[in-house]
Amino acid sequence: MRISVDTEACTGHALCFGIAPDVFVLDELGYNVTPAGEVAPELEEQARRGALSCPEMAITIEE
Amino acid sequence: MTAVDETPTGDRSPTMDFDVYVHDSMDGSNAAWDALRERCPVVWSPLNGGHWTVAGYDDVATVFRDWETFSSERTDPERSSVSIGAAKMPLLIPEEIDPPRWKPLRRVLAEILSPNAVERLRPRVEHWVTHTIDQFIERGEAELAHDLSVPVPSLVTMEWLGWPAEEAASAASVFHDMAKFPGGTPEHAAGAARFQWLMGEVSKQLVARRNHPRDDALTAIARYEVDGELLPQEIAEAIVFMTIGGGVDTTTALTSAALVHLGLHPGDRQRLIDDPGLIDSATEEFLRYYPPARTHARTVTTDTEFGGCPMHAGDRVLVSEVAANRDPAAFPDPDSFDLERFPNRHVSFGVGIHRCPGSHLARLEFKTSIREVLRRLPDFVLDVDGVVEYPNWSVIGGWGSIPVTFTPGPRS
Ligand code: HEM
Ligand code: SF4
């Protein structure tokens with residue numbers, strides 16, 4: 001699984017991090033700055049739920 | 001009223017006489033929004049100065065996100081452009097500013113309300129919740145709006161700003177008093193008078209902080225520099241004012257909503273007591289089901305077609321958080337309250353650039369208050385006949401009175 005974050009669309013709700021703290025990285029203001037890349041298999045479910053929680057739909061998952 | 005009153009209907013269609021200001025109860029308001037969304041998701045109403053009304057989830061989110069077409073900028077010097085038919089109100093900053101000017105003005109608050117900054121406030125939030133419950137826990141009875149959901153956000157916000165503790169509660173409850181009593185009543189007028197006093201105090205405190213910095217939000221705002229220059233005094237004042245006016249009674253309303261809900265639904269209460277870990281998803285569901293900010297407004301910047309409707313530059317647009325949150329296309333079975341609803345991308349904090357920077361603080365205050373109520377007065381019984389809603393549910397929803405009885409407990 002690959003994740004990527006549209007940093008233009010992210011407005012810093014930080015809900016993704018609340019649900020998937022092991023997957024996403026926030027900057028000091030709470031915006032998602034996770035570099036695009038592969039997700040470890042044991043974190044895939046977290047990543048999926050984190051992406052689904054984003055009100056801006058800023059997180060893309062490619063299975 | 002304002003010049004927008006003159007907006008003729010022209011080629012605007014479909015049209016419907018939708019008067020958001022007649023919404024005088026939560027259930028009535030919810031039903032009116034549901035009916036409107038089902039019949040005409042986008043519609044022109046000639047009432048309240050004439051405005052488009054947007055009620056479907058996707059359309060609401062689009063309007064919120066597309067700030068270039070749907071601007072938040074103030075158009076009337078005296079009245080807010082982010083609500084329809086608003087009373088006279090000072091400029092809201094950063095809410096009524098669009099980019100590029102918006103960015104640095106938003107950043108001031110984003111820094112001092114970031115998830116990390118809020119995490120550092122946790123002990124103070126816990127302190128104030130405990131202190132507030134201590135005041136009534138031995139009595140075995142309380143009016144939870146007056147005794148809990150009003151004071152907690154007031155005390156937390158005013159301490160965060162750096163306000164003198166003795167004046168905190170009275171200062172921040174101004175907005176609750178104005179929402180609780182209808183315009184024209186002496187209580188509302190008294191609230192309005194205290195509001196004037198509060199504005200003067202904010203101004204004095206900011207000047208004091210410029211010269212005598214402390215470790216508080218007032219100092220951060222008073223000494224914030226954009227391109228090497230301090231913010232003009234009136235802008236700094238408006239930013240402080242927004243944190244009080246936008247952050248206190250909204251958090252109060254959310255807390256009140258949950259207290260009333262848990263009073264009416266013992267099953268949900270028991271599940272939260274048995275499994276405190278449910279509080280995160282429950283919080284999002286309380287926000288979805290009982291959005292404190294029920295509507296906002298925007299102004300169209302260029303002629304455009306939206307939802308199949310011809311919109312013209314200058315047209316006002318009413319966007320409904322409550323209608324979006326109840327849209328069955330986005331939330332299966334929207335009328336059922338589900339503590340574990342997921343996903344739950346409600347728009348109660350807005351979406352797009354203006355989405356609420358206070359959301360992290362509001363969530364912390366709310367979760368702490370509810371957790372401690374369920375721990376210290378888990379058996380509270382709501383006096384259902386004594387519950388009083390705000391008189392109007394068009395812009396902000398909330399409760400004026402939530403009387404309860406419970407088994408008395410010790411102060412901590
Ligand atoms: C449950 C509590 C709260 C709710 C429901 C709420 C709701 C909202 C909503 C819907 C918006 C977007 C408005 C728009 O797009 O025009 C907003 C913006 C804002 N809120 Fe909140 N809010 C809450 C708490 C707070 C708190 C605690 C603070 C500050 C301490 C705060 C400060 C602000 C500010 C400054 C803005 C404008 C942001 C901008 O324009 O960039 N709010 N809020
Ligand atoms: S939930 Fe979405 S908008 Fe919020 S920080 Fe995460 S990616 Fe950004």
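A, B, ... follow the sequence lines: proteins, then strands. Residue 1 opens every chain.
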Query raised in the report: Minimum heavy-atom separation for A/Leu29 to B/Pro115, with atom names?
Result: O-CD, 3.7 Å
Requested in this report: Mind listing the closest non-hydrogen atom pair of A/His13 and B/His360 along with its distance?
Outcome: O-CE1, 3.2 Å
Requested in this report: Examine whether an atom of A/Tyr31 lies under 4.5 Å from a heavy atom of chain B, and if so say whether it belongs to the side chain, the backbone or both; otherwise answer neither.
Outcome: side chain
Requested in this report: Find out whether A/Leu15 and B/Arg345 are in side-chain contact, i.e. whether some heavy atom of one side chain is under 4.5 Å from a heavy atom of the other.
Outcome: no
Requested in this report: Salt-bridge test for A/Glu8 and B/Arg65: reply yes if a basic N is under 4.0 Å from a carboxylate O, no otherwise.
Outcome: no
Query raised in the report: Quick one: of A/Gly12, A/Cys54, A/Ala14, A/Ser53, who has the most non-hydrogen atom pairs under 4.5 Å with chain B?
Result: A/Gly12
Report task. Starting at CG of A/Asp27, measure out to CG of B/Asn116 and round the result to the nearest 0.5 Å. Result -> 9.5 Å
Report summary line: Heavy atoms of A/Thr11 and B/Gly352 approach each other most closely as CG2-O, 3.4 Å
Query - Note: B/Arg355-A/Glu56 ion pair, threshold 4.0 Å (strictly below) - result: no
Query - Part of B/Phe349 within contact of chain A (heavy atom distance under 4.5 Å) - result: neither
Requested in this report: Give a yes or no on whether B/Asp215 atom CG has more than 12 heavy-atom contacts from other residues, nucleotides or ligands under 6.0 Å away.
Outcome: no
Query raised in the report: Non-hydrogen atoms of chain A under 4.5 Å away: do they reach the side chain of B/His354, the backbone, both or neither?
Result: neither
